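Quick caveat: nothing in here was measured; it's all calculated off a predicted structure. We use all heavy atoms of the structure for the numbers below, so side chains are in, but hydrogens, waters and symmetry mates are not.
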Amino acid sequence: MKQLVSLPCLEKLFACPGERSLQIYMLHRPIRDLCLAAGYPVLVERYPGIASVTLVVLSLLLTALLSAKPLYRFFRALQKLPERLLDALHGQVGNVVK
């Protein structure tokens, strides 16, 4: 696997979703719940072959969508919010210790 990731064409394919896993992790659950509510388990029972292929394709598309730059920027800002609030309370900038 290390050799695959070291290839330039595959490095971005695996690295981008890997570094942007916070939003993928947080947003996949509501989407999964919507699929369950829409009756995906019934589709799996009736058409297991089609449902499996559909699941793989939708998972890849969902990973690409959830690792998009606008979502990444939003979640990075959200992730930095506690540090910014604490810095504002203590009058510090960044990780500088006074």
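Going from atom CD of Q79 over to atom CD of Q23 covers 9.5 Å, rounded to the nearest 0.5 Å. Once rounded to the nearest 0.5 Å, the distance linking CZ of R76 with CG of L71 reads 14.5 Å. Expressed to the nearest 0.5 Å, how far OG of S67 lies from CG of L65 amounts to 8.0 Å. Atom NZ in K80 sits 12.0 Å away from atom CG in L78 (nearest 0.5 Å).
Looking only at distances, a side-chain donor or acceptor of H28 sits under 3.5 Å from a matching main-chain atom of Y25.
Closest non-hydrogen pair, I50 versus T54, comes out as O-OG1, 2.7 Å. Between P41 and C35, the shortest heavy-atom contact is CD-O, 4.5 Å.
Clustering ILVMFWY residues whenever any of their side-chain heavy atoms sit less than 4.5 angstrom apart, transitively, puts V53 in the very cluster that holds L61. Cluster annotation: L58 and L43 are assigned to distinct hydrophobic clusters (Ile/Leu/Val/Met/Phe/Trp/Tyr, side-chain heavy-atom contacts under 4.5 Å, transitive). Residue L60 is not grouped with residue L66 when hydrophobic side chains (ILVMFWY) are merged at heavy-atom distances under 4.5 angstrom, including chains of intermediate members. Using a 4.5 Å cut-off between side-chain heavy atoms of Ile, Leu, Val, Met, Phe, Trp and Tyr, with links allowed through other members, I24 and Y72 fall into different hydrophobic clusters.
For the pair Y40 and L55, the minimum side-chain heavy-atom distance is below 4.5 Å. Annotation: side chain of L27 is in contact with side chain of F75 (closest heavy-atom distance under 4.5 Å).
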